[in-house]
There are 2 protein chains.
Amino acid sequence: MKPITITNTRVIDVRFPTSREHIGSDAVNKDPDYSAAYCILETDAGIEGHGLTFTLGRGTELCVSALRYLTQFVQGRTLESLTSNLNAMYLELTGDTQFRWLGPEKGVIHLACGALVNAVWDLYAKAEGKPVWRLLADMTPEQIVSAIDFRYIADALSPEEALAILRKGKEGQQQRLAEIIAGGYPAYTTSAGWFGFSDEKIRRLCREGIADGWTHFKLKVGGVPEDDLRRGRIVREEIGWQNRMMVDANQKWGVEEAISRTRQLAELQPWWMEEPTSPDDILGHARIRREAAPTRIATGEHCHNSVMFKQLFQAGSIDVCQIDSCRVAGVNENLAIILMAAKFGIPVCPHAGGVGLCEYVQHLSIFDFLSVSGTMENRVIEYVDHLHEHFRYPVKIRRGHYLVPTDPGYSCEMLPESLNKFSFPEGEVWKEQELETSLAQK
Amino acid sequence: MKPITITNTRVIDVRFPTSREHIGSDAVNKDPDYSAAYCILETDAGIEGHGLTFTLGRGTELCVSALRYLTQFVQGRTLESLTSNLNAMYLELTGDTQFRWLGPEKGVIHLACGALVNAVWDLYAKAEGKPVWRLLADMTPEQIVSAIDFRYIADALSPEEALAILRKGKEGQQQRLAEIIAGGYPAYTTSAGWFGFSDEKIRRLCREGIADGWTHFKLKVGGVPEDDLRRGRIVREEIGWQNRMMVDANQKWGVEEAISRTRQLAELQPWWMEEPTSPDDILGHARIRREAAPTRIATGEHCHNSVMFKQLFQAGSIDVCQIDSCRVAGVNENLAIILMAAKFGIPVCPHAGGVGLCEYVQHLSIFDFLSVSGTMENRVIEYVDHLHEHFRYPVKIRRGHYLVPTDPGYSCEMLPESLNKFSFPEGEVWKEQELETSLAQK
């Protein structure tokens with residue numbers, strides 16, 4: 001087979017004006033414009049790798065700039081030179097001797113790295129004619145392990161332990177494949193409970209959610225205590241006690257306030273309390289978990305790399321591991337995290353929503369089920385019902401479940417017309433806003 | 001007094017081609033071009049606030065871009081509106097609802113925040129006609145505490161505990177002031193032991209260091225074990241056992257390798273082992289410290305915020321706290337860290353070198369001595385002997401001690417001719433290199 005060469009790379013700043021409708025609002029992120037630093041790897045083989053990292057609007061240009069720099073590493077390379085040693089690619093992208101200072105492995109440069117690593121996986125899967133979940137599930141345990149950087153995590157998970165987990169994961173894989181193709185992967189909805197929504201809107205959306213077959217609902221908290229409780233009671237009134245409700249404080253509290261607020265919210269019997277405090281506070285989460293028991297503690301969407309996840313596991317900080325497809329450096333680092341979660345017996349329930357995150361994480365959870373944990377029990381993928389129309393292969397949801405994607409790639413390819421219309425600042429939708437703002441000022 | 005208004009802000013990308021001489025090389029950072037994202041706050045009062053964040057070359061443009069965004073928050077503001085509530089300023093800069101996603105409080109956006117916060121302190125101190133250390137030492141305990149964000153650290157250090165430490169710190173302050181003005185603050189040199197230096201160069205520089213009155217020498221390690229030991233023995237041959245030697249692995253190892261390598265290096269009797277593993281690995285450092293005892297463990301230059309420092313203290317991870325003046329968001333966050341270190345009884349020995357870091361951190365250590373810890377015992381500030389000529393108020397070193405700076409401000413104002421010559425990519429020194437490269441290619 002003729003080698004596939006990356007002949008050109010393009011990076012795009014794409015932003016959706018979601019803040020106009022309070023979509024995505026929570027106690028901390030009050031006005032997100034869901035956005036992405038997006039890259040396209042063009043090849044000489046008629047296929048393209050697409051990857052993005054999710055952002056909230058302002059500052060996307062930083063990730064775009066970082067991504068422009070990082071794409072130089074793959075420009076002119078053959079796909080095979082990247083996929084033959086996936087960990088070498090990861091080390092190259094995260095180890096640049098000058099760039100690395102800006103992290104290491106965190107923040108803007110790591111977010112950008114996630115977009116590029118994901119684009120390579122998209123291209124890899126398209127070249128193999130498989131969705132990413134299938135590409136991963138078909139790999140040998142040795143291949144998966146060779147994609148992982150064990151330097152800083154081997155004290156918690158050795159390559160040998162990872163191999164043992166993955167070998168066991170091969171058992172019964174065909175049966176699980178049939179099961180998930182038939183029934184899909186369970187999901188929960190965040191769309192009913194945004195912080196900026198009125199009580200009535202929450203009530204209506206819960207009703208609609210129940211009618212659509214949802215069984216897990218998340219509510220944003222972190223306002224004044226009475227408001228949180230009142231809103232939570234509305235959700236319970238609508239969804240009953242047989243369905244599950246989660247609450248999410250989006251890092252609003254210090255450790256001690258998180259403990260008392262989590263205790264207060266216990267009457268709602270939340271299935272988990274999400275992001276009660278700073279995402280960096282491993283020991284703080286461990287204390288909250290101990291002192292606010294039995295409420296289960298979840299975090300991860302702002303956890304910036306596998307070293308932090310390792311410690312969340314080691315310290316007994318969490319009951320639920322919320323991986324994010326973009327914040328850590330893409331598929332490679334998420335493989336490490338999913339395997340550590342399995343070793344420590346912590347269920348992975350990915351963070352999604354934003355733009356493209358649902359499209360991405362379904363692949364990771366399906367791989368987790370097929371090859372690692374072997375179970376969907378107590379596992380759900382977040383789902384938010386907007387911006388999917390911009391994707392060529394949008395997620396498919398049926399009665400609160402993600403249906404297994406079948407198209408080759410990593411599902412995150414945006415439609416060219418969406419990329420044009422929402423590109424910032426030159427896209428049509430932003431030009432219009434500029435015009436409106438300038439008219440309003442006159 | 002007429003209020004001082006910030007009438008204009010300027011942001012500059014300034015880079016020094018230090019990699020040409022292997023200055024600053026270590027096991028991980030092999031070819032740094034010491035650089036800075038630099039900002040100037042112009043006012044209507046004839047004074048300017050200057051601030052920088054230190055970087056290694058490539059990627060500085062990201063900090064510059066972030067800094068350009070953040071300077072909008074101070075543009076047109078009066079100095080008094082910023083200094084009357086210093087924590088509000090910190091919260092505003094770190095809490096931007098969209099920008100925050102790129103951290104929070106870490107990486108590029110936090111580095112940029114450091115530059116701006118430091119520039120405000122520089123302006124503040126100049127307006128008061130004092131060096132920053134003096135401005136801090138003259139503040140009441142209540143004023144210092146009001147500059148600190150306790151949201152995520154109050155479980156380790158409450159405002160009341162901080163006040164108690166600072167009130168105690170007022171006792172004997174005048175006497176300590178006289179002492180430090182007379183003798184300066186002890187320093188150590190890193191200039192003799194860069195990774196890229198030959199054995200002979202290390203030997204020569206150690207000899208010169210001893211002749212110049214240095215008593216503390218740091219050696220970069222993390223190469224092959226025999227090399228590290230051989231180089232360490234050379235240092236010991238030259239400095240003897242009555243002087244102190246520190247070793248620095250710059251994050252090279254995983255936890256288990258760090259333990260065995262630290263044990264191997266114990267024959268050198270290092271005064272501390274610095275950055276043995278990932279800077280994010282709080283629990284890893286704690287384990288290394290336990291299992292490689294009695295070698296003392298140091299880290300901090302890559303510790304990205306006060307929540308991480310809090311946990312290093314809580315977990316018993318370190319014997320030495322190495323604050324950095326830029327990586328965390330400037331003076332405000334360093335006040336929190338210095339106070340936490342005091343509560344936990346851990347000596348603060350700042351990271352410096354790079355460009356401007358020595359100029360900055362001397363103020364923080366002097367404040368620590370005058371107002372917090374009250375002692376210089378087992379405390380040293382890092383010193384590296386290059387790039388000081390670019391500053392208007394360069395550090396003064398005498399026989400291995402920093403002399404107390406007396407000029408108003410935070411000492412980090414670069415000379416206009418240096419800013420011009422080294423600005424990237426348009427400065428003279430980079431234009432020359434471009435020409436050389438292009439000639440070499442012909």
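Reminder, nothing fancy here: chain letters follow the sequence lines and each chain counts from 1.
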Legend entry - Note, B:Asp281 side chain near A:Met308 side chain (heavy atom, < 4.5 Å): no
Inset, instruction - Name the option with the most non-hydrogen atom pairs under 4.5 Å to chain B; the candidates are A:Val108, A:Asp280, A:Val255, A:Ile109. - result: A:Asp280
Inset, instruction - Check whether B:Ile282 gets within reach of chain A through its side chain, its backbone, both or neither, counting any heavy atom under 4.5 Å. - result: both
Inset, instruction - Consider only side-chain N and O atoms of A:Arg100 and B:Gln251, and report whether a donor and an acceptor are under 3.5 Å apart. - result: yes
Inset, instruction - Give, as side chain, backbone, both or neither, the part of B:Pro104 having an atom under 4.5 angstrom from any heavy atom of chain A. - result: both
Legend entry - Whether A:His351 and B:Trp101 hold their rings parallel, tilted or perpendicular, with breakpoints at 30° and 60°: tilted
Legend entry - Contact class of B:His304 relative to chain A, heavy atoms under 4.5 angstrom: side chain
Legend entry - Segment of B:Ala258 engaging chain A (4.5 angstrom heavy-atom cut-off): neither
Inset, instruction - State whether a side-chain donor-acceptor pair under 3.5 Å links B:Arg15 with A:Gln98. - result: no
Inset, instruction - With a 4.5 angstrom heavy-atom cut-off, could you sort out which part of B:Asn305 is near chain A: side chain, backbone, both or neither? - result: side chain
Legend entry - Side-chain donor-acceptor pair present, A:Asp31, B:Thr97, cut-off under 3.5 Å: yes
Legend entry - Region of B:Leu102 that comes under 4.5 Å of a non-hydrogen atom in chain A: both
